[in-house]
Amino acid sequence: MSFPLLTATAALPALGAIATAAVPAGRRTAAKWLALLVSLGTLVLAAVIAVRFEPGGDRYQLTESHAWIKDFGVRYELGVDGIGVALIALTAVLIPFVILAGWHDADPSPAPGGETPKETKNNRWRPTQGFFALILSVEAMVILSFEATDVFLFYILFEAMLIPMYFLIGGFGDRAHAGTDENAAAQRSYAAVKFLLYNLVGGLIMLAAVIGLYVVAGNFSLTEIAEARANGTLEMATNTERLLFLGFFFAFAVKAPLWPLHTWLPNAMGESTAPVAVLITAVVDKVGTFAMLRFCLGLFPEASEWATPVILALALISIVYGALLAVGQRDIKRLVAYASISHFGFIIMGIFAMTTQGQSGATLYMVNHGISTAALMLVAGFLISRRGSRLIADYGGVQKVAPILAGTFLIGGLATLSLPGLAPFVSEFLVLVGTFARYPVVGIIATFGIVLAALYTLVLYQRTMTGPVKEEVRTVPDLRLRELVVVTPLIALLIFLGVYPKPLTDIVNPAVEHTMSDVQKKDPQPEVEAAK
């Protein structure tokens, strides 16, 4: 029996979460280092998956399959395609930086007298241990969700990851906000509950669709259902397929998030610490768009084509609406949240453009958006922690007192607006080309989002980093060594993948071809007039 590499990659952070939570009180530093080492070990295993994966080989590789609940046909079934490999790598790369960036976010707050309370052996409340254990548990569930090829197993993971995220949002809030608002705890609780309720409602609707799929297909195996549909042994009535598709898509659209199911995201990101905000939008939300490709298009091809016009309209609204609200934001973190809503609109548009370029671009967009948002949000978090405010109006002239911080902030912002030479440009260009090839009007309207992205990004930089130095900003220190270790690799990745995206495209493109085969679509051929 071969080594269960996929299981090990998810099991390591899961076991690390348990070990981190069990670190004795008073050993906060030990808990941090344990979590960091576990995340680095997970990164090594993710790298092994990427190396062992053969882009030209079988659709699902490194597969594992074991009986789980025999009476209901539920199996512990894993496998990865190129899209899953890319997103596992993204998750494994980002988590160590999330842990490093949040190194002091869960430390006890100073008491009124200025002294930091110390944990003792008799003190059972260990917020630092809990914070990093929750991050590792989210990593384990997200990685396993990218590997699951059993629909029921995926559903369990899809819902289970809400629990640690709820506690990360509600229990470890933004201290900059807490220092200026007496209702900060209540607002964190509101954001956490809203996040949980929205996603639970989506999950319950999906559960009904999962049960319906089992009634129709007789099992939960993604590969067996797809094979049965391909050879004609499983046929779904048109209305049944469309209802099941809507049940799955609704849950994924909440997680993505797609307008009008997006309203939980600005609250959740605004009230979270910067590392947790990165975990939400750069890691967890990618499960929704990934699942659209794997489950919606893979299981319900006819219904996916039927729903495409409405989904493209919603994606366009997300692109323009999110960008417009980002332009008008006064809060740095909420601006990044609304910008992410706009970017997710591009991803979903690329998926349902039903072209090779569109879906390849959408997958690359998931990866590149994760890296660029992480860079921008983490640098913004470093800035906010120094000044103690999230309001744009409280800053000005930062580049004169902290040039490295301002420079990294600028690069993160330029990546967000998809500047040529940085990674998001490649993915956004492919999405627009792929969409224009089949839906030219949609592609043209979507380009308006690029103009708005340039507006909100450059205005944000101008108002915070340039101009006269505000008195409260004069003492802002530049990036420290730990912070540079967080930001520098992310910027290097943005530049490398912007100049040379081939390593990603080589892995992703064969998987996209399989998805296009599922929906029985071919790229439209350009119309060329015959020479006279």
Side-chain angles (χ1 to χ4, degrees), residues 169 174 176-177 187-188 190-191 194-195 198-199 253-274 276-286 288-289 313-349 365-366 368-381 383-384 389-395 409 412-418 424 428 431 445-464:
I169 296 169
D174 187 353
H177 181 69
Q187 292 191 30
R188 286 200 304 272
Y190 170 78
K194 189 174 184 179
F195 161 82
Y198 266 67
N199 284 275
V254 172
K255 183 86 78 178
L258 178 69
W259 185 92
L261 306 172
H262 68 284
T263 59
W264 62 268
L265 183 65
N267 295 99
M269 288 184 66
E271 300 305 323
S272 301
T273 64
V276 173
V278 170
L279 198 62
I280 295 170
T281 190
V283 177
V284 172
D285 287 355
K286 298 302 187 298
T289 47
L314 295 178
L316 274 181
I317 295 173
S318 290
I319 291 169
V320 178
Y321 171 85
L324 284 173
L325 287 187
V327 171
Q329 285 303 305
R330 297 180 295 174
D331 183 308
I332 297 174
K333 292 170 72 175
R334 290 179 72 91
L335 185 152
V336 178
Y338 280 111
S340 291
I341 292 170
S342 181
H343 295 149
F344 274 103
F346 277 106
I347 294 171
I348 294 170
M349 184 179 74
Y365 214 133
M366 292 185 223
N368 296 332
H369 169 263
I371 300 170
S372 63
T373 298
L376 181 61
M377 178 59 84
L378 292 179
V379 176
L383 178 65
I384 291 168
S389 173
R390 293 167 13 198
L391 297 178
I392 297 173
D394 288 341
Y395 295 90
F409 189 85
L414 293 176
T416 299
L417 64 82
S418 299
E428 194 165 279
V431 166
I445 297 174
T447 57
F448 186 56
I450 301 175
V451 178
L452 293 174
L455 182 60
Y456 63 68
T457 300
L458 296 178
V459 168
L460 172 64
Y461 183 83
Q462 179 192 31
R463 292 178 177 175
T464 56

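Bear in mind the structure is a predicted one, so any value in this text is a computation, not a measurement.
- Trp264 places no side-chain N or O within donor-acceptor distance of the main-chain N or O of Lys255, the cut-off being under 3.5 Å.
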Next on the checklist: For a side-chain contact (heavy atoms from CB on, under 4.5 Å) check, start with the C-alpha distance between Tyr338 and Val327, then their side-chain angles and the critical distance, and finish with the verdict.
Outcome noted: CA-CA 9 Å; Tyr338 280 111; Val327 171; over 6 Å; no
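- Gly345 and Ser318 make their closest contact through CA-CB, 4.0 Å (heavy atoms, listed as atom of the first residue, atom of the second, distance).
- Here the closest heavy-atom approach between residue Ile392 and residue Thr464 is recorded as CG2-CG2, 3.8 Å.
- Tyr198 places no side-chain N or O within 3.5 Å of a backbone atom of Leu265 that could act as its donor or acceptor partner.
- Side-chain contact check for Phe344 versus Leu258: every heavy-atom pair is 4.5 Å or farther apart.
- Distance alone, capped at 3.5 Å, places no donor-acceptor pair between the Ser272 side chain and the Ile169 backbone.
- Put simply, the side chain of Met269 reaches to within 4.5 Å of the side chain of Met377, judged on heavy atoms.
- Residues Ser342 and Val320 have side chains not in contact (no heavy-atom distance under 4.5 Å, counting atoms from C-beta outward).
- Side-chain polar atoms of Glu428 and Tyr365 form a donor-acceptor pair below 3.5 angstrom.
- Side-chain contact between Tyr395 and Leu383 is present, with at least one heavy-atom pair separated by less than 4.5 Å.
- Across every non-hydrogen atom of Pro260 and Leu314, the tightest pair is CD-CD2, 4.5 Å.
- Remark: side-chain polar atoms of Lys194 are not paired, donor with acceptor, to backbone N or O of Asn267 under 3.5 angstrom.
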Item to check | Val278 vs Leu378, side-chain contact (heavy atoms from CB on, under 4.5 Å): CA-CA, chis, key distance, verdict | outcome: CA-CA 8 Å; Val278 170; Leu378 292 179; 3.8 Å; yes
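- Between the OH atom of Tyr461 and the CG atom of Leu376 there is a distance of 12.5 Å, given to the nearest 0.5 Å.
- Residue Leu414 holds its CG atom at 10.5 Å from CZ of Phe409, rounded to the nearest 0.5 Å.
- Among all heavy-atom pairs drawn from Asp285 and Pro257, the shortest one is OD2-CD, 3.8 Å.
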Next on the checklist: Set out, in order, the CA-CA distance, both residues' side-chain angles and the distance that settles ring pair (Phe, Tyr, Trp, His ring centres under 6.0 Å) for Tyr321 and His262, then state yes or no.
Outcome noted: CA-CA 11 Å; Tyr321 171 85; His262 68 284; 5.1 Å; yes
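- Interatomic distance, Thr289 OG1 to Ile347 CD1, rounded to the nearest 0.5 Å: 5.0 Å.
- Scanning both residues, Ala191 and Glu271, for their nearest heavy atoms gives CB-CG, 3.8 Å.
- The backbone N or O of Gly412 sits less than 3.5 Å from a side-chain atom of Thr416, completing a donor-acceptor pair.
- With hydrogens and angles disregarded, a donor-acceptor distance shorter than 3.5 Å links the side chain of Ser372 to the backbone of His369.
- Residue Ala253 comes nearest to Leu261 through the heavy atom pair CB-CD1, 3.9 Å, listed as atom of the first residue, atom of the second, then distance.
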Next on the checklist: Assess the residue pair Ile319 and Trp259 against the criterion (side-chain contact (heavy atoms from CB on, under 4.5 Å)); give the C-alpha distance rounded to whole Å, side-chain angles, the decisive distance to 0.1 Å, and a yes or no.
Outcome noted: CA-CA 9 Å; Ile319 291 169; Trp259 185 92; over 6 Å; no
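- The closest donor-acceptor contact from the side chain of His343 to the backbone of Thr373 lies at 3.5 Å or more, if one exists at all.
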